[in-house]
A.B. asks: 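Provided herewith is a single structure, encoded as structure tokens, for subsequent inquiry.
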Amino acid sequence: RSSVVGGLSSSSSSSALDLDLELVGGYSSMHIRRGDLQFTEVKFDSLQWYNNTKEIWRPNEILYIATDENEENFFDDFKKHHNGPLRFFNDYKALAELDNIDATLYGMIDTVVASRGSVFAGTWFSTFSGYIIRLRGYYGMSKFFTYYSWLDRKFFMHRWMGVSEGSLYAREYPTGWTSIDGDVFVDNDNEGQRNSVLPFPRDEMEKLKAMNTATLIVNRYTGHKKGDDANIAKVASDETHLARGISGRPMESTPALIGAKHGRVTCETNVDSLAYWNEPQGTRDATFISPFGDGPRSKAKYLAFTPDKGGFNNIRMSFEIILIIAAALGRILVLPPEQPMYLLRNDGAKKHRGLNGFFDMEGDYFKKRVRYLTMEQFIKIEGHPGGQFPVPVEKTEHLIHAARVCNPNRHGLGWKSENEPSCDEIHDYLARYATQPNITATHHQCLVFDKGMFDKGVPDDPESAAKFCSSGKRKLVYVTKQMQEPSLLYIQGGKPPTRMLAHYYGYLHFTDISIGNYYKRYIRDLLHFRHEIFCAAGKIVKFLQDAAKAQGFSTDDEGGGGYSSLHVRRGDFQYKKMKVSADEWYANTKEIWKQDEILYIATDEKDKDTFFKPFSSAGHKSYFLSDFNDLVGLDSMDPNWMGMIDVVVASRGRAFAGTFRSTFSGYINRLRGYYGLSMKDSWFGQLKEKNMMHEFHNVNLDTYAKEWPDAWMGIDADIAPSQDIL
């Protein structure tokens with residue numbers, strides 16, 4: 001049942017507005033009884049059904065019809081007059097895997113799906129319709145949202161009626177669900193009566209639905225009584241705790257958070273306050289179906305790629321883009337083999353790395369939400385003689401070895417069992433079968449997802465697309481059905497002309513804001529560092545905060561602060577003007593820090609004690625990652641995780657000063673945005689760029705220079721980031 005409801009809700013263009021706080025709606029529903037019903041006066045054709053109910057439905061609204069009518073053309077007259085799509089049980093055969101379910105349960109599934117519609121119209125005298133209405137009562141839905149198609153009884157559910165006042169079988173009665181959680185007999189409800197013979201206005205309905213459902217949630221789950229506001233305050237506090245990307249917007253403005261729970265960090269010490277992600281995500285996200293996929297099909301489609309050749313943050317940025325493209329197209333992501341990565345070769349025992357070595361990709365929730373295969377799994381599934389992309393039998397073992405681990409620098413050297421094969425072996429195999437789309441996340445192009453262009457070749461919102469791509473006069477490339485056709489797409493994300501190096505939100509644009517924000521939450525909630533990294537960082541944060549409390553400094557309500565932080569880039573940084581002396585660093589930032597405040601400094605500077613003397617001379621106790629070797633056992637951890645631990649610890653500082661044009665500093669600022677920290681508590685150590693984070697600008701052509709609020713601001717709502725939110 002949840003698969004069908006999810007498919008209906010996520011396919012509604014206005015589902016964000018129609019869904020109430022308990023995830024009811026996004027579509028409306030009917031039960032049309034056509035079979036052996038003995039009461040012929042309520043059996044009529046679809047045109048009469050339409051005429052009797054037409055003012056109930058919204059224009060373009062999805063209608064789910066539970067019916068025993070077998071002739072599809074029976075509904076042609078209804079379809080001619082109602083602009084929205086009609087959906088039936090069999091439409092979801094693949095999605096809900098109905099062939100694997102006992103067919104005698106189909107009618108019951110129909111009942112539950114129909115009961116969750118915003119508005120429902122049933123067949124008078126039908127006990128099937130009656131039970132749908134009772135379930136709607138159990139769900140707490142207003143009586144004004146339920147109708148019958150027979151004009152003589154159309155509004156019968158809108159007034160209270162005891163069982164003894166009417167036909168026992170013709171309908172269900174509100175005494176079956178009203179006030180049954182109490183110990184008092186009731187002979188009426190608290191919704192009052194309507195004298196109008198017209199349907200309840202839909203705009204009023206949505207307001208009433210939101211208000212009633214909010215009250216229902218408090219009453220049901222907190223035991224709230226009149227005058228007892230403490231429980232409501234607790235509910236509000238719990239809800240706000242989830243709203244990381246929204247800066248305190250109320251729950252009714254963040255429908256994506258309904259059903260979500262705050263993530264947790266697996267650690268022997270409680271460091272859950274460092275989990276900025278939601279796990280599970282909200283129900284709407286969990287049931288979302290991309291409008292750019294193929295839907296149910298017999299053969300899977302895949303997206304394979306190569307990682308970026310730069311440092312870790314370049315690899316991360318490229319992977320974020322690839323991950324979203326695969327998810328939006330409904331494709332299975334094929335991960336590249338383990339291989340050496342630039343600046344991530346600090347472990348003498350293991351030079352080869354896969355993306356799962358850094359991101360939490362092995363947990364059950366990630367696997368549930370992200371469809372992916374390793375390259376080895378992919379070749380075993382599709383590379384056999386009957387697969388979509390067969391490998392010659394004599395080369396299979398060799399290619400599977402390359403799919404596990406390969407070396408980009410061994411091309412042409414031949415292969416022996418004790419050596420790593422060349423990554424070019426995998427490239428040649430993919431290139432043989434795959435289509436390589438002409439897309440690139442450089443300054444020259446932007447990739448736009450627009451449902452109208454994808455479905456009909458005419459964009460729904462060309463203005464939005466043109467505005468997004470106007471920075472730098474980039475070429476606007478739409479995602480089309482033609483792009484989606486090949487069974488295997490292959491993106492060489494690590495080198496021109498198809499390099500995928502940009503912030504994903506600066507390259508990918510969804511003209512439907514609600515869909516764009518879905519993918520921003522997708523990255524926030526699913527693609528985070530491994531738990532070992534957060535566990536180690538959490539222990540350091542706790543130490544720093546305890547030391548700060550001993551000096552009289554306090555943490556914020558979310559468990560952050562107590563100390564402040566810097567990222568000072570000193571190593572192989574290509575932007576020489578951004579490498580300033582320690583005296584300049586201190587002079588440019590000294591008013592940011594509180595007197596004698598503890599500072600955590602993430603840096604690649606080798607001579608830390610000497611270089612950062614201006615800070616210690618000013619009374620600041622400075623800590624570096626190397627100071628915590630014994631506390632968290634750094635020597636026993638993957639040495640390639642050290643920079644990632646630095647990122648997390650620095651992101652929790654009360655105030656932060658970073659290095660402009662450093663993607664390392666940029667990612668710290670993004671995490672601070674995820675944590676809900678103000679942009680006005682972030683600075684840069686370079687004087688000219690010092691206050692850049694304090695001004696609102698949407699992401700533009702200079703995308704690498706910093707992270708932009710587009711990544712976190714407003715993403716739990718269905719709004720675009722703006723100065724108003726800031």
Side-chain angles (χ1 to χ4, degrees), residues 245 247 276 308 310-321 441-443 446 468 471-472 474 500-509 520 523-524 527 564-580 584-585 588-589 592 601-604 643-644 646-648 650-653 655-715 720-723 725-726:
S247 301
Y276 55 76
D308 194 84
F312 174 74
N313 279 296
N314 288 13
I315 294 169
R316 171 187 57 79
M317 291 160 63
S318 178
F319 185 42
E320 288 173 343
I321 293 172
T442 64
H443 292 328
C446 57
F468 178 81
S471 175
R474 294 180 291 172
M500 290 288 135
L501 183 59
H503 295 313
Y504 72 87
Y505 52 87
Y507 170 58
L508 305 175
H509 179 62
K520 291 176 182 179
I523 293 298
R524 179 194 65 187
L527 194 65
S564 284
S565 53
L566 303 88
H567 169 234
V568 178
R569 177 74 181 268
R570 296 288 301 162
D572 63 337
F573 198 34
Q574 68 190 90
Y575 301 102
K576 304 303 181 185
K577 292 182 179 180
M578 300 300 120
K579 294 173 67 172
V580 299
E584 288 179 277
W585 260 101
N588 293 349
T589 62
I592 297 172
I601 303 177
T603 185
D604 53 357
M644 298 159 208
D646 251 351
V647 165
V648 178
S651 71
R652 294 303 273 162
F656 170 70
T659 300
F660 188 65
R661 293 196 179 279
S662 164
T663 53
F664 192 102
S665 284
Y667 198 51
I668 292 171
N669 272 323
R670 192 199 297 179
L671 294 199
R672 290 174 66 80
Y674 287 159
Y675 285 126
L677 295 169
S678 171
M679 289 167 56
K680 295 185 178 180
D681 289 329
S682 288
W683 287 263
F684 289 111
Q686 293 71 32
L687 193 59
K688 182 180 177 182
E689 293 81 15
K690 180 176 180 178
N691 297 310
M692 264 193 154
M693 292 300 295
H694 299 187
E695 305 167 0
F696 181 84
H697 298 284
N698 285 112
V699 63
N700 61 37
L701 185 63
D702 198 12
T703 179
Y704 312 107
K706 61 171 192 169
E707 290 265 359
W708 305 73
D710 303 58
W712 63 83
M713 188 171 285
I715 66 174
S722 67
Q723 177 68 40
I725 304 177
L726 177 64

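Throughout, numbering of the chain's residues begins at 1 and tracks the sequence.
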A.B. asks: Calculate, to the nearest 0.5 Å, the distance between atoms NE2 and CG belonging to His567 and Asp646 respectively.
C.D. replies: 7.5 Å
A.B. asks: Could you pull out the closest heavy-atom pair between Leu687 and Asn588, with the gap in Å?
C.D. replies: N-ND2, 3.6 Å
A.B. asks: Are the side chains of Lys680 and Met693 in contact, using a 4.5 Å heavy-atom criterion?
C.D. replies: no
A.B. asks: Give the minimum heavy-atom separation between Val580 and Gly685, together with the two atoms involved.
C.D. replies: CG2-O, 4.5 Å
A.B. asks: For residues Ile523 and Tyr674, determine if any side-chain heavy atom of one lies less than 4.5 Å from a side-chain heavy atom of the other.
C.D. replies: yes
A.B. asks: Could you go step by step and tell me if Arg316 and Glu320 meet the side chain to side chain contact (heavy atoms under 4.5 Å, CB included) rule?
C.D. replies: CA-CA 6 Å; Arg316 171 187 57 79; Glu320 288 173 343; 3.3 Å; yes
A.B. asks: Could you walk me through whether Tyr505 and Glu707 pass side chain to side chain contact (heavy atoms under 4.5 Å, CB included), step by step?
C.D. replies: CA-CA 10 Å; Tyr505 52 87; Glu707 290 265 359; 2.5 Å; yes
A.B. asks: Looking only at heavy atoms, what is the nearest atom pair of Ala650 and Ile668, with distance?
C.D. replies: CB-CD1, 3.7 Å
A.B. asks: Taking the side chain as C-beta and beyond, is there a heavy-atom pair between Gln686 and Trp585 under 4.5 Å?
C.D. replies: yes
A.B. asks: Would you please test His694 and Met692 for side chain to side chain contact (heavy atoms under 4.5 Å, CB included) and show each step?
C.D. replies: CA-CA 5 Å; His694 299 187; Met692 264 193 154; over 6 Å; no
A.B. asks: Sub-3.5 Å donor-acceptor pair from the side chain of Ser318 to the main-chain atoms of Asn314, do we have one?
C.D. replies: no
A.B. asks: Would you kindly check if the NZ (Lys) or CZ (Arg) of Arg474 is within the cone defined by 45 degrees around the ring axis of Phe468 and under 6.0 Å from the six-membered ring centre?
C.D. replies: yes
A.B. asks: Do Thr603 side-chain atoms and Val568 backbone N/O form a donor-acceptor pair below 3.5 Å?
C.D. replies: yes
A.B. asks: Within the side chain of Ser665, is there an N or O that forms a donor-acceptor pair under 3.5 Å with the backbone of Gly658?
C.D. replies: no
A.B. asks: Looking only at heavy atoms, what is the nearest atom pair of Ile715 and Asp710, with distance?
C.D. replies: CG2-O, 4.1 Å
A.B. asks: So, does Asp604 use its side chain to make a donor-acceptor pair with the main chain of Arg569 at under 3.5 Å?
C.D. replies: no
A.B. asks: I would like to know whether Arg672 and Trp712 meet side chain to side chain contact (heavy atoms under 4.5 Å, CB included); could you show each step before the answer?
C.D. replies: CA-CA 9 Å; Arg672 290 174 66 80; Trp712 63 83; over 6 Å; no
A.B. asks: Does Lys690 reach the main-chain N or O of Phe684 with its side chain, forming a donor-acceptor pair under 3.5 Å?
C.D. replies: no
A.B. asks: Please check: side-chain N/O of Arg661 versus main-chain N/O of Lys577, any donor-acceptor pairing under 3.5 Å?
C.D. replies: no
A.B. asks: Quick one: closest heavy-atom pair of Ile321 and Ala441, and the distance?
C.D. replies: CD1-CB, 3.7 Å
A.B. asks: Any heavy-atom pair between the side chains of Trp683 and Glu689 that's under 4.5 Å?
C.D. replies: no
A.B. asks: What's the spacing between Leu508 CG and Met500 CE if we round to 0.5 Å?
C.D. replies: 8.5 Å
A.B. asks: I'd like to check Leu501 versus Thr442 (side-chain heavy atoms, cut-off strictly below 4.5 Å). Are they in contact?
C.D. replies: no
A.B. asks: Please confirm whether the backbone N or O of Phe660 pairs with a side-chain atom of Lys706, one donor and one acceptor, at under 3.5 Å?
C.D. replies: no
A.B. asks: Rounded to the nearest 0.5 Å, how far does CG of Asp681 lie from OG of Ser564?
C.D. replies: 8.5 Å
A.B. asks: Are the side chain of Ser682 and the backbone of Phe656 linked by a donor-acceptor contact shorter than 3.5 Å?
C.D. replies: no
A.B. asks: To check you understand the geometry: which heavy-atom pair defines the closest contact between Tyr504 and Ala711, and what is its length?
C.D. replies: OH-O, 4.1 Å
A.B. asks: Are any non-hydrogen side-chain atoms of Phe696 and Pro721 less than 4.5 angstrom apart?
C.D. replies: yes
